[in-house]
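Note that these values count all heavy atoms, side chains included, but never hydrogens, waters or copies made by symmetry. Below, chains carry the letters A, B, ... as their sequence lines are ordered, and counting in each starts from 1. Everything numeric here is computed off the predicted structure, so don't read it as measured data.
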Amino acid sequence: MTSRPRSKIGSHLLPGLAAVALFAVITAAVLTSSFGSTQGFPADANIVASVGRAMFGIPGADVTGESFLVAFILIALALDAALDGSLLLAKREEDGSTVTLLADGGRRLFGRDDADEEGED
Amino acid sequence: MAVPPSYYLLLSAALFCIGVAGVLTRRNALLFLMSIELMLNAANVNFVYFSQFWGNVTGQTFSLFVIALAAAEVAIGIGIILVLYRNFDGVDVTEATTMRW
Amino acid sequence: MMYETVAFALFALVTVGCSLGVILARDIWHSALLLGGALLSVAVHYVMLQAEFIAAMQILVYVGGVLILITFAVMLTRGEDFEKLEGDEVST
């Protein structure tokens with residue numbers, strides 16, 4: 001069974017208007033500022049090698065940039081590992097065993113079983 | 001000449017504002033995540049465009065980081081959504097409004 | 001060169017159209033598919049900006065990874081929403 005997409009408009013007007021207002025403010029700021037001309041990359045530059053050299057501060061790249069950018073990714077990876085660790089610590093334990101990830105709407109744990117209820121529609 | 005900067009900035013702003021509208025409007029937690037992905041892509045378009053504009057490779061490096069970390073964040077977010085589904089029997093963010101249940 | 005502007009306008013239209021569809025579609029699976037379309041057209045923009053490596057990473061990671069994750073999440077959290085969706089329609 002396939003169906004074509006239908007849209008849902010009109011349920012929340014105020015956040016949509018807020019987003020449009022934000023877009024109007026950004027448009028006004030962009031259109032009233034002047035930029036220089038595009039410089040672009042050289043035609044035969046090796047961009048991936050330049051990215052690698054810029055990340056570790058190795059000189060001799062075709063396209064220049066800031067050096068030692070791997071610091072940012074290391075800090076971000078440490079933050080990501082900390083987030084995963086916090087989720088692992090917060091997993092609930094019942095009777096000494098860790099509750100694993102279930103995707104059944106809580107039926108096995110909380111006994112929610114809609115088939116038994118009557119008048120539920 | 002090449003595409004002027006204001007065109008790409010407006011594209012990025014449009015994507016970002018559509019993402020903001022999605023975050024504020026929809027109730028489904030998965031749609032929340034997808035709107036955040038739209039906002040991250042808007043920032044990425046900005047990074048890559050100005051990397052080409054200045055002839056500097058820093059912008060492309062940062063957009064690589066953003067792509068990798070956005071993928072990791074979506075993985076974590078989906079894990080949280082599955083736990084939300086288990087405990088609240090639905091992924092409606094307006095129903096899961098208390099810290100304890 | 002005018003062709004660059006025309007190509008940019010075409011793919012920008014696809015991107016903005018698909019992302020509007022993401023937040024406005026009623027069914028969440030249609031939203032996920034339209035998000036895939038939006039991410040693919042952003043990858044095309046990256047190719048036009050001389051960033052082919054970023055475009056390849058975008059397709060690999062976002063469309064090939066993140067979208068598959070979202071697909072699994074849509075599949076696992078479906079539940080009774082499928083029937084509730086029809087009765088939830090707001091009269092516009």
Considering heavy atoms only, which positions within residues 64-73 of chain B lie below 4.5 Å of chain A?
-> B/Leu64, B/Phe65, B/Leu69, B/Ala72

Distance in Å, B/Leu24 CG paired with A/Leu17 CG, rounded so as to fall on 0.5 Å steps | 11.5 Å

Heavy atoms only, distances under 4.5 angstrom: which of A/Ala54, A/Ser33, A/Gly36, A/Ala18 has the most pairs with chain B? Name it, please.
-> A/Gly36

Counting only heavy atoms closer than 4.5 Å, note whether B/Ile80 contacts chain A via side chain, backbone, both or neither.
-> side chain

Taken in chain and number order and not counting sequence neighbours, the residues that satisfy side chain to side chain contact (heavy atoms under 4.5 Å, CB included) with A/Ile58 are A/Arg53, A/Phe56

In this structure, OG1 of A/Thr27 is separated from CG of B/Leu10 (nearest 0.5 Å) by 5.0 Å

Taking every heavy atom of B/Cys17 against every heavy atom of A/Ala19, the minimum-distance pair comes out as O-CB, 3.4 Å

Kindly check if the number of other-residue, nucleotide or ligand heavy atoms within 6.0 Å of CZ (A/Phe72) is above 12?
-> no

Applying a criterion of heavy atom separation less than 4.5 Å, what residues of residues 49-59 of chain B form contacts with chain A?
-> B/Tyr49, B/Phe50, B/Ser51, B/Gln52, B/Phe53, B/Trp54, B/Gly55, B/Asn56, B/Val57, B/Thr58

Chain B contacts, top residue of A/Val30, A/Val51, A/Ile73, A/Ile26 (heavy-atom pairs, under 4.5 Å) | A/Ile73

Top residue by heavy-atom pair count (under 4.5 Å) with chain A, among B/Val20, B/Val23, B/Leu9?
-> B/Leu9

State the CD1-CG distance between B/Ile18 and A/Leu22, to the nearest 0.5 angstrom.
-> 11.5 Å

Identify, with sequence neighbours excluded, every residue that meets side chain to side chain contact (heavy atoms under 4.5 Å, CB included) alongside A/Val25.
-> none

Using non-hydrogen atoms only, which part of A/Ala76 is less than 4.5 Å away from chain B: side chain, backbone, both, or neither?
-> both

